[in-house]
*Asks:* 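First the structure, then my questions, so here it is.
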Amino acid sequence: MTAAMENLLAAYERLNHIGPEFGGDEEGNNGLTNHGPMVAEVMARRGLDVNIERWLDDYVPRLTDLPTPSERITVAHWREALGDARRIADWTAFFRAEVRRRPWQDTLATWWSRLLPGIAAGSTHGVIRVGHAVRTLRTGVGGPALDELANGLAFWAARWRPMPADISGSSAPGPAAALDALPELPDRSGLIAQRLTRLTRMPQWPAALAALPAPDDADGVPAALAALVDAATVRYLRIGSHAPVLLAHTATAPNAVLACLPVLPAEMWRASLAAAWAATAAITITYAGAPGDRSAALLDADNPATILLERAADHRDEHVIKFADTAVESFERTGNREALAAAHLAADLIDASR
């Protein structure tokens with residue numbers, strides 16, 4: 001086992017007793033998301049020049065311990081607890097048992113289809129946390145990584161809230177055009193949950209859901225999903241200033257779904273693409289205003305991806321690190337330096353907001 005993996009597993013163990021949100025009220029509302037495990041995974045996988053333990057020394061004091069379980073969730077009786085944030089500890093205990101009762105891939109497949117309609121859970125951090133955990137588990141490690149998958153699934157289940165999925169309208173010629181065709185939410189005030197409620201009442205929402213063209217069969221889904229990630233990453237250059245943190249999730253959420261595809265049954269892939277698009281579209285409609293001009297220069301260097309990752313490591317912000325990771329993946333697929341420029345812009349915008 002590499003030193004980086006040992007450090008990551010140690011980080012998982014250190015964070016295992018901590019809840020997925022912090023800073024909210026006693027009912028778990030308006031909390032900020034615990035990014036610790038997700039960022040640690042990026043640091044380890046990318047080999048960032050950051051001491052994970054010291055980064056956690058700064059980050060952990062912000063966080064809140066996981067509550068004590070109150071009522072057991074069972075395989076036979078789980079529906080009444082779905083979407084109940086007060087049951088986060090119960091869900092955590094349930095999934096920690098599930099991932100050890102049978103192969104973790106089987107647990108993920110069973111719950112993926114159940115949780116997918118609520119992909120917007122926790123501002124999409126449920127699926128994102130699961131995606132980072134799956135990346136670790138695919139290396140063959142277990143133990144703390146199994147618990148981290150359980151923690152991600154528990155957060156997703158506790159914050160689960162479905163969005164209407166009625167589809168009508170016609171497809172656009174690709175994800176970039178589909179994103180450009182999305183309407184704006186007239187009232188973009190309030191928290192994301194309030195905005196999503198208004199979004200699903202918009203008469204344009206069914207047509208927005210239909211705007212992304214779907215491949216004819218499952219074999220085309222990975223490329224279609226990657227194209228969505230690429231388009232959303234580059235589009236951040238034009239919309240990121242409206243909500244620098246939230247709009248990064250238009251790319252990182254579908255990228256988390258993409259990371260999970262290889263361990264999911266192929267019959268789930270088309271629904272996964274549809275859900276990823278719904279999440280990206282929902283965040284775009286509820287937080288992005290009219291697209292503006294690109295506001296970050298392209299980096300003229302022989303190793304632009306390395307330069308971006310070095311900047312992310314120096315920056316240390318959790319959102320910058322995660323978005324840089326997605327941007328580098330997009331650049332590696334496409335060679336489009338605008339993806340890297342988008343992540344540099346995110347760092348600039350987050351700096352300016354402090």
Side-chain angles (χ1 to χ4, degrees), residues 4-5 8 35 37-50 119 124-125 127-139 152 174-176 179 212 220-237 239-240 244-245 247-264 269 272-273 275-277 279-280 283-284 296 298-299 301-315 317-347 350:
M5 182 58 70
L8 175 58
H35 287 74
M38 299 177 271
V39 173
E41 188 277 326
V42 175
M43 290 176 176
R45 174 167 44 82
R46 290 289 182 186
L48 298 188
D49 187 17
V50 180
I119 194 171
T124 70
H125 285 108
V127 69
I128 293 173
R129 187 164 178 176
V130 166
H132 283 283
V134 166
R135 286 178 184 271
T136 302
L137 287 166
R138 287 176 62 193
T139 67
L179 285 166
L212 185 70
V221 169
L225 191 48
L228 172 59
V229 175
D230 298 337
T233 301
V234 169
R235 199 170 191 268
Y236 185 92
L237 282 172
I239 63 173
V245 171
L247 288 169
H249 298 87
T250 61
T252 56
N255 201 39
V257 176
L258 183 61
C260 293
L261 283 190
V263 296
L264 292 170
W269 287 7
S272 299
L273 172 62
W277 166 246
T280 294
I283 296 172
T284 300
L298 301 184
L299 187 62
D302 293 334
N303 54 346
T306 300
I307 291 173
L308 172 61
L309 291 173
E310 288 175 348
R311 182 182 182 188
D314 291 340
H315 197 286
D317 179 84
E318 57 268 35
H319 306 99
V320 171
I321 290 171
K322 288 171 54 194
F323 190 39
D325 178 49
T326 291
V328 168
E329 285 191 4
S330 178
F331 170 74
E332 290 171 344
R333 272 193 302 270
T334 66
N336 188 350
R337 295 189 179 212
E338 288 188 332
L340 305 179
H344 279 291
L345 176 61
I350 290 172

*Asks:* Measure across C260 and V134 and return the closest heavy-atom pair with its distance rounded to 0.1 Å.
*Replies:* SG-CG2, 3.8 Å
*Asks:* Can you say whether the rings of H319 and H249 are parallel (under 30°), tilted (30 to 60°) or perpendicular (over 60°)?
*Replies:* perpendicular
*Asks:* Any sub-3.5 Å donor-acceptor pair from W269's side-chain atoms to L261's backbone N or O?
*Replies:* yes
*Asks:* Can you check whether I307 reaches L340 side chain to side chain, under 4.5 Å on heavy atoms?
*Replies:* no
*Asks:* Quick one: does R135's side chain have a donor or acceptor within less than 3.5 Å of a partner on A259's backbone?
*Replies:* no
*Asks:* Verify side chain to side chain contact (heavy atoms under 4.5 Å, CB included) between R235 and T250, making sure each step is shown before the conclusion.
*Replies:* CA-CA 9 Å; R235 199 170 191 268; T250 61; over 6 Å; no
*Asks:* Please lay out, stage by stage, how L308 and H344 fare under the test side chain to side chain contact (heavy atoms under 4.5 Å, CB included).
*Replies:* CA-CA 7 Å; L308 172 61; H344 279 291; 3.8 Å; yes
*Asks:* Taking all atoms of both residues into account, what is the closest heavy-atom pair of A347 and H315, and its distance?
*Replies:* O-NE2, 3.6 Å
*Asks:* Check the side chains of H35 and E318 for a donor-acceptor pair under 3.5 angstrom, ignoring hydrogens and angles.
*Replies:* no
*Asks:* Would you kindly say whether T334 and D230 are connected by a side-chain donor-acceptor distance under 3.5 Å?
*Replies:* no
*Asks:* Any idea which heavy atoms bring T124 and I283 closest together, and the distance?
*Replies:* CG2-CD1, 3.7 Å
*Asks:* Grab the two heavy atoms, one from T280 and one from A232, that are nearest each other, plus how far apart they are.
*Replies:* CG2-CB, 4.4 Å
*Asks:* Please examine the side chains of S272 and L225, heavy atoms only from C-beta on, and report whether any two atoms are closer than 4.5 Å.
*Replies:* no
*Asks:* Answer yes or no: is there a side-chain heavy-atom contact under 4.5 Å between H132 and P37?
*Replies:* no
*Asks:* Report yes if the side chains of M43 and V39 come closer than 4.5 Å at any heavy-atom pair, otherwise no.
*Replies:* yes
*Asks:* Any non-hydrogen side-chain atom of E41 less than 4.5 Å from a side-chain atom of L8?
*Replies:* yes
*Asks:* So, the side chain of T326 versus the backbone of F323: is there a donor-acceptor pair under 3.5 Å, distance only?
*Replies:* no
*Asks:* Less than 4.5 Å apart, side chain to side chain, heavy atoms only: is that true for L228 and L258?
*Replies:* no
*Asks:* With no hydrogens and no angle check, is any side-chain donor or acceptor of N303 less than 3.5 Å from a backbone partner on T306?
*Replies:* no
*Asks:* Using a 4.5 Å cut-off on heavy atoms from C-beta on, say whether the side chain of T233 contacts that of N336.
*Replies:* no
*Asks:* Rounded to the nearest 0.5 Å, what separation is found between the CD1 atom of I321 and the CE atom of M38?
*Replies:* 12.0 Å
*Asks:* Check A231 against A176 and note the closest heavy-atom contact, atom names and distance.
*Replies:* CB-N, 3.8 Å
*Asks:* For the residue pair A339 and V234, what are the closest heavy atoms and their distance?
*Replies:* N-CG2, 3.9 Å
*Asks:* Kindly indicate, with the supporting measurements, whether the criterion side chain to side chain contact (heavy atoms under 4.5 Å, CB included) is fulfilled by L212 and L273.
*Replies:* CA-CA 9 Å; L212 185 70; L273 172 62; 3.9 Å; yes
*Asks:* Working to the nearest 0.5 angstrom, can you tell me the gap between I128 CD1 and T252 OG1?
*Replies:* 3.5 Å
